[in-house]
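Labels below follow one simple rule: chain letters A, B, ... track the order of the sequence lines, proteins then strands, and each chain is numbered from 1. Only heavy atoms go into these numbers, but all of them, side chains included; no hydrogens, no water, no symmetry mates.
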Amino acid sequence: MTLWDLTQGASAKVSSFKSNIQSGYRTRLSELGFHPGEHISCVLSPSLGAPKLYRVNNTVYSLDDSIASLIEVA
Amino acid sequence: MPVASAAKIALIGSPNSGKSLLFNRLTGLNQKVANFPGITVDIASGQSIDDSSIQYLDFPGVYSLQALSGEELVAVEAFTRALEEDLLDTVICIVDSTRLEKGLIFALQVLETCHRYNKPMLIAANMVDVLDQHSMQFDPQGLAETLKIPVLPISARTGLGLSELAEAIAKANVPPQKFESDIIASDESINHLHAQQLAEQHGPKGDLLINTQTRLDSFFLHSWFGGLSFFVIMYLLFQSIFTWASPVMDAVEAAIQWLAAVVLPIIPAGVATDFASDAIFGGIGAFLVFVPQIFVLTLVVGMLEDSGYLARAAVICHKPLRFFGLTGKSFIPMLSGVACAIPGIYAARTVESTRKRWLTYLAIPLMPCSARLPVYTLIIAAFIPANKALGGLVGWQGLAMFAIYLLGIVCALMVTAIVSRSSAELRTDLPFVLEMPPYRLPSWKPLLRNAWNRCKHFVTKAGKVIFMVTVVIWILGYFPNYGESLGGSWLGTMGQWIEPIFEPIGLDWRYGVAILSSFLAREVFVGTLGTMFGIEGAEENFTSLAQQIQDSGLPLGSGAALLVFFAIALQCVSTLAVLQRETGSWRLPVQLFISYSIFAYVAALTVFNLVELFA
């Protein structure tokens, strides 16, 4: 299951990154708080495939499917 | 030791940490401040308002010292070079105290760097006023003891804690020690584990801020209400550009006319009077009229940025714009371009990805700007009957105007879609990860300052180029027959040379000259054509000029071709000049000018032949 599959209101723990993610993106996501072991919740999932809003710690980020689908959650 | 006598203090922090607002507070300067990640583009510097021996340097906001985008690389390299060359005395790392963990991940990287370069560092924990509002607290003293560097709770918005910050800067002379902890982890994850631990120990507890934000996001990004509020806000934005700016634009025009009436009689009659009348009051005056529109647009877009709504608009538009190779962040620059390309190009600074910003620059000149409006009005009045259809609900002229506006937008999107797909480099880019800033009430003072600065920049920087080109066009149109007739001038001669170019679309040399002169600014087309048809004040007298155009026997195909040509061609010296300023080179403006001219001509030729075939 990836972060993009997380439905609105659900939360999960980041387990890993997909192997095809660029190392720069992986580092940046980790710096923003999307690192293995961290709890992420999907606070809003707008319709029509718009980027979703994820809360990590006290910050909300909007991620589109191209990047959210590279983060594995459990 | 630093090379200059003033102590140089660097301000560094993540986007949206309030760094630029703090810089404004400390220096009283007019650095742009907005509630949207990634506003600071250049390194701004300014003297302290309290102590002239202190100079502050505001580095662009970065999420990490390990750069990911081109802009970040420039910012990080500038910071590390300044440290290497011993140009900085102290580094202030600004963190958002309401989101301490995120700020500390970055602060620990800065601490490590300052330790390596032996530079004193302190942390300014901003936005404590927001914590106070929600009865939340954090422990700056404990954090300072753990990190062994000063941590100052401040509010750049209210000015809270700034005198203590100034005292701490004056005392800062000890470089930080390397931060050690008992956490064992890989290099990549050690910083965020440290930050997490520090935030848990010393950070504020609770999530009231996020809950408020989520409630508002549920509305503004709601499938129905979100879309509706988006259209209402955009409608108000348009209203502001066209309605609020209009009286001020009229006032500027009246002021220029008044000044001309006062000054012109004093100047001896002859070339000097003609130059002052045509080039100074006519040419320069024509571009000064747009200043109020730029002011209002910058102010309103600034309000949207500062309130936090701009980031939500980017989320709403991201998906559709991505199909055309753009990003949600391209939306506001393109929207601004509907009023005037110049503020649109300035607004593209918020697109932090170089490639997406470059694609946004391609789209903006094709957006149907207000300078095209007089041309469209004239041609439509000349060719489209004023009849109404569907029981008076739909006017054909209005429909034609809508169609030509739509054509510009479609062309813009098609160009970016094709160009972005033609290059592998343009297809791959930074993913869409956008921090959602908290909602807040806009601060008027910085917004007004910013709008004023934008206008000043437009008048002083782009104005120089516009003035030079105005003079050249005026000389070509005035000599060698001293303004007796445009047809006998060098510009007229050039018009006759280029007649073979416009002949295939059914236009004679007069239209050629009008098109040539309109490369200064599109609306000049109407004035030039009016002069040649011998009508004074053609800009206000569309009906009689439209009648003259009809009487001149211009084919319908040529009228349609003219509309299409003006929808595509980049006939605006101001836009080219601002593009040159923003990109730092003439390469892109020249490329765009040539390619859009060819595109406009080919499209106009095609439309002419199609219309003539079926009409």
Side-chain angles (χ1 to χ4, degrees), chain A residues 2-4 6-11 13-73, chain B residues 14 16 63-69 72 96 98-103 105-106 109 188-189 191-193 195-196 199 203-204 206-211 213-214 217-218 220-224 226-227 311-312 314-320 322 327-328 428-438:
Chain A
T2 70
L3 191 60
W4 187 250
L6 216 57
T7 53
Q8 185 171 320
S11 57
K13 198 185 269 191
V14 175
S15 51
S16 62
F17 294 106
K18 290 236 168 137
S19 56
N20 58 339
I21 192 170
Q22 288 181 30
S23 63
Y25 295 173
R26 194 181 61 215
T27 308
R28 173 54 50 87
L29 285 166
S30 294
E31 286 165 346
L32 296 178
F34 296 87
H35 47 76
E38 189 65 58
H39 278 281
I40 313 283
S41 56
C42 176
V43 291
L44 203 69
S45 174
S47 56
L48 304 171
K52 293 180 183 179
L53 267 56
Y54 299 98
R55 179 187 169 176
V56 48
N57 300 315
N58 243 354
T59 310
V60 176
Y61 295 97
S62 174
L63 272 68
D64 71 358
D65 54 344
S66 71
I67 190 75
S69 58
L70 295 175
I71 304 168
E72 300 268 18
V73 295
Chain B
S14 298
N16 227 36
Y63 283 107
S64 164
L65 291 182
Q66 290 178 284
L68 196 58
S69 70
E72 281 186 337
D96 176 353
T98 65
R99 287 172 287 180
L100 200 60
E101 182 182 328
K102 175 176 153 280
I105 294 173
F106 178 65
Q109 292 181 350
E188 195 180 275
S189 58
N191 258 0
H192 70 246
L193 289 174
Q196 200 171 32
D207 59 359
L208 190 61
L209 307 175
I210 292 287
N211 287 342
Q213 187 175 324
T214 306
D217 278 338
S218 303
F220 283 115
L221 296 174
H222 185 272
S223 305
W224 291 104
R312 278 75 190 180
V315 171
I316 291 172
C317 297
H318 177 70
K319 178 89 175 174
R322 197 172 73 170
T327 160
T428 56
D429 198 13
L430 292 175
F432 186 83
V433 179
L434 185 64
E435 185 186 334
M436 295 286 104

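- Heavy-atom minimum distance, Pro46(A) versus Leu221(B): CB-O, 3.8 Å.
- Taken from CZ in Phe432(B) to OG in Ser66(A), the straight-line distance is 10.0 Å, to the nearest 0.5 Å.
- Between atom CD of residue Gln196(B) and atom NE2 of residue His35(A) there is a gap of 5.0 Å, rounded to the nearest 0.5 Å.
- The shortest heavy-atom contact between Leu44(A) and Asp217(B) is CD2-O, 3.4 Å.
- Residues Leu32(A) and Val433(B) meet the side-chain proximity criterion, which asks for heavy atoms closer than 4.5 Å.
- Classification of Arg322(B) and Asp65(A) as a salt-bridged pair holds, one side-chain N sitting under 4.0 Å from a carboxylate O.
- In this structure, the portion of Leu53(A) lying under 4.5 Å from any heavy atom of chain B is its side chain and not its backbone.
- For the residue pair Glu31(A)/Ser64(B), the side-chain donor-acceptor check at 3.5 Å is satisfied.
- Between the CD atom in Glu101(B) and the OG1 atom in Thr59(A) there is a gap of 8.5 Å [rounded to 0.5 Å].
- Heavy atoms of Glu38(A) lying under 4.5 Å from chain B belong exclusively to its side chain.
- Remark: the backbone N or O of Val60(A) is not paired with any side-chain donor or acceptor of Arg99(B) at under 3.5 angstrom.
- When every heavy atom of Ala50(A) is checked against every heavy atom of Val315(B), the shortest pair comes out as CB-O, 4.2 Å.
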